[in-house]
Every structure is written in C-alpha cells, then in structure tokens.
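Each chain gets a letter, A, B and so on, in the order its sequence line appears, and its residues count up from 1.
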Amino acid sequence: AQKVTQAQTEISVVEKEDVTLDCVYETRDTTYYLFWYKQPPSGELVFLIRRNSFDEQNEISGRYSWNFQKSTSSFNFTITASQVVDSAVYFCALTRLDWGGGNKLTFGTGTQLKVEL
Amino acid sequence: EAQVTQNPRYLITVTGKKLTVTCSQNMNHEYMSWYRQDPGLGLRQIYYSMNVEVTDKGDVPEGYKVSRKEKRNFPLILESPSPNQTSLYFCASSPEQGGRAFFGQGTRLTVV
C-alpha cells in the first residue's frame with residue numbers, strides 16, 4: 001500500500017518569509033509519480049508540479065521550488081518570499097503505475113498555509 | 001476551453017434518496033476518477049476508470065457506484081445516501097496513467 005504523510009497541519013508565516021512544506025511518501029514501487037496541488041479558499045484544485053521517480057533533479061518555478069530525495073522518500077515544496085495570495089491548502093500526492101493500467105492516486109492530508117501581512 | 005464539469009455544485013438531500021452527480025470532460029482523456037475530501041483526511045479516491053466500460057475501486061468505494069458508458073462522462077451514483085457521505089466531491093480526468101489530474105469545481109453534498 002502507498003501512503004503520503006504531510007505532518008504539518010497548519011503553518012503561519014508573515015509575508016516575505018520563506019516556507020517549506022514537507023511531504024514524505026511510502027511505496028514499494030520503483031516507478032511512480034509525485035504531485036503537488038494547491039487548493040485556495042475558493043476551493044478548486046490547482047496543479048503545481050508532477051515529478052517521476054527517476055528524476056531527482058530539483059525544480060524551480062518562479063518563487064516555487066521542489067526538492068525530491070528518494071533516499072529519504074521526501075518531496076518537499078518551498079515558497080520563497082511568500083505572499084498573501086499563497087494562502088491555501090497544499091496537497092502532496094503519489095500515484096503508482098501498475099501493470100493493470102490502474103491510476104490510483106493517494107493524497108496526503110494537506111497543509112494549510114496562512115500568509116499574513 | 002479544456003475543462004471538467006461537475007453538476008450540481010451544491011446538493012442537500014435526505015437519507016436514502018438516490019442521487020447522481022454528473023461529471024463530463026472535453027479533453028478526450030482516458031482516465032477519470034472520483035474523490036471525496038473530508039477535513040483532516042485530505043482527498044481519498046472513490047473509483048477510477050481507465051477507459052469506457054473499465055472501472056475499478058479506489059480506497060473508499062463503499063456506498064458508491066460509477067459507470068463509464070461514454071469516454072467523456074463518469075457519473076457518481078449514491079443509491080442510498082447516508083449522512084456519513086456528506087462531503088466535498090471532486091471528479092478528475094487525466095490523459096495518461098500517472099498523468100496530471102484535471103479537476104472539476106467540486107460538488108458539496110449534504111445528506112440529512
């Protein structure tokens with residue numbers, strides 16, 4: 001069985017601070033994908049990134065960066081110079097690629113990020 | 001515009017009254033899924049479909065049914081809703097196994 005743990009339930013920061021959201025996963029598969037999604041107060045789910053298990057390169061997109069470390073089964077997300085608009089719930093997720101063609105996606109419980117002025 | 005459309009967005013119903021939440025995507029995606037979101041539990045997969053007439057259970061399928069008669073549609077059926085099915089439901093589609101999921105706007109269901 002696969003599992004995603006987001007131990008930080010809620011984080012509060014002041015605008016312009018850097019913040020890291022932790023994600024630890026468990027899987028027995030060698031081939032899998034990891035994701036981050038954002039859920040702002042309006043409720044929709046916004047895709048941020050997809051990373052496959054063979055690509056451990058860190059990625060940067062503007063103020064967002066992701067650190068994937070297979071050795072520690074972690075896929076952490078950092079927001080640099082946070083802004084009020086970053087306030088949202090952030091979900092980490094994992095999907096395996098099984099031989100049957102299934103598409104089972106497992107989410108973590110989410111981290112509520114509050115960015116205050 | 002590429003999108004996943006769910007209806008209704010909000011629904012209040014009574015215990016035992018059958019209901020269907022519709023989901024339609026216009027991106028010709030093979031894969032579609034249903035999730036429920038509950039406080040403290042994140043999103044949990046209910047059912048998923050790999051193609052027309054091919055569906056499989058996710059992590060919390062009890063009390064739900066799905067069908068995939070057409071590629072674009074993936075309705076979620078609650079034959080006899082109960083209060084513990086009060087939740088926020090999301091439909092999603094994906095172009096490939098392990099691909100990015102495109103989510104609908106969500107359906108907030110209350111069963112009294």
Side-chain angles (χ1 to χ4, degrees), chain A residues 1-10 21-25 27 29-55 59 61 88-112, chain B residues 1-6 9-10 23 25 27 29-61 66 68 74 87-109:
Chain A
Q2 53 194 37
K3 184 179 179 182
V4 177
T5 301
Q6 294 180 258
Q8 303 152 308
T9 304
E10 187 173 318
L21 309 183
D22 297 331
C23 173
V24 174
Y25 63 91
T27 181
D29 299 302
T30 55
T31 304
Y32 52 88
Y33 284 93
L34 294 161
F35 303 82
W36 277 93
Y37 288 89
K38 173 183 179 180
Q39 187 176 44
S42 50
E44 74 271 23
L45 286 156
V46 179
F47 167 81
L48 296 178
I49 190 171
R50 179 178 81 150
R51 176 54 51 87
N52 77 54
S53 53
F54 298 109
D55 182 2
E59 180 152 342
S61 177
V89 180
Y90 291 86
F91 291 100
C92 181
L94 164 72
T95 190
R96 58 182 296 197
L97 301 181
D98 65 47
W99 296 107
N103 206 33
K104 297 195 72 168
L105 186 61
T106 301
F107 281 82
T109 52
T111 297
Q112 170 83 60
Chain B
E1 180 190 352
Q3 59 185 7
V4 178
T5 304
Q6 295 177 228
R9 295 286 312 278
Y10 302 91
C23 174
Q25 51 97 1
M27 295 169 280
H29 285 170
E30 304 273 331
Y31 292 88
M32 296 186 75
S33 298
W34 276 102
Y35 301 86
R36 61 178 288 174
Q37 182 179 3
D38 302 289
L41 297 177
L43 284 87
R44 293 177 293 169
Q45 195 172 44
I46 302 171
Y47 270 96
Y48 63 92
S49 171
M50 294 87 83
N51 212 327
V52 175
E53 303 291 2
V54 184
T55 63
D56 204 353
K57 297 177 180 178
D59 294 318
V60 288
V66 293
R68 187 94 181 271
F74 191 45
S87 188
L88 177 59
Y89 291 86
F90 286 98
C91 179
S93 72
S94 180
E96 58 188 344
Q97 190 184 21
R100 166 195 168 180
F102 292 76
F103 285 89
Q105 291 296 95
T107 295
R108 187 164 293 281
L109 172 65

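- The part of B/L41 that comes within reach of chain A is its backbone (N, CA, C, O), which places non-hydrogen atoms under 4.5 angstrom from that chain.
- For a residue to count as touching a neighbouring chain, one of its non-hydrogen atoms must lie under 4.5 Å from one of that chain's; by this rule B/F102 does not touch chain A.
- Interface remark: of the candidates B/R44, B/K57, B/Q37, B/Q37 forms the most heavy-atom pairs closer than 4.5 Å to chain A.
- Interatomic distance, CG of A/L45 versus CD of B/Q105, reported as 9.5 Å (0.5 Å rounding).
- Residue B/A101 touches chain A through both its backbone and its side chain, counting heavy-atom pairs closer than 4.5 Å.
- Here A/T106 contributes atom OG1 and B/L43 contributes atom CG; the two are 11.0 Å apart, rounded to the nearest 0.5 Å.
- The number of heavy-atom neighbours closer than 6.0 Å to CZ of A/F54, taken from other residues, nucleotides and ligands shown, is above 12.
- The contact between A/Y33 and chain B is made entirely by side chain atoms (from C-beta outward), counting heavy-atom distances below 4.5 Å.
- Among B/S94, B/G104, B/G99, the residue with the largest count of heavy-atom pairs under 4.5 Å with chain A is B/G99.
- B/F103 pairs in a ring-ring contact (aromatic ring centres under 6.0 Å, His included) with only one of the listed residues (A/F35, A/F91, A/F47, A/Y37), which is A/Y37.
- For A/Q39, the part sitting under 4.5 Å from any heavy atom of chain B is the side chain, from C-beta outward, and nothing else.
- A pairwise comparison of heavy atoms in B/Q45 and A/L105 identifies OE1-N, 3.2 Å as the closest pair.
- If you measure heavy-atom distances from A/T95 to chain B, the contacts under 4.5 Å come from the side chain alone.
- To the nearest 0.5 Å, atom CG of residue A/L48 and atom CZ of residue B/R100 are 9.5 Å apart.
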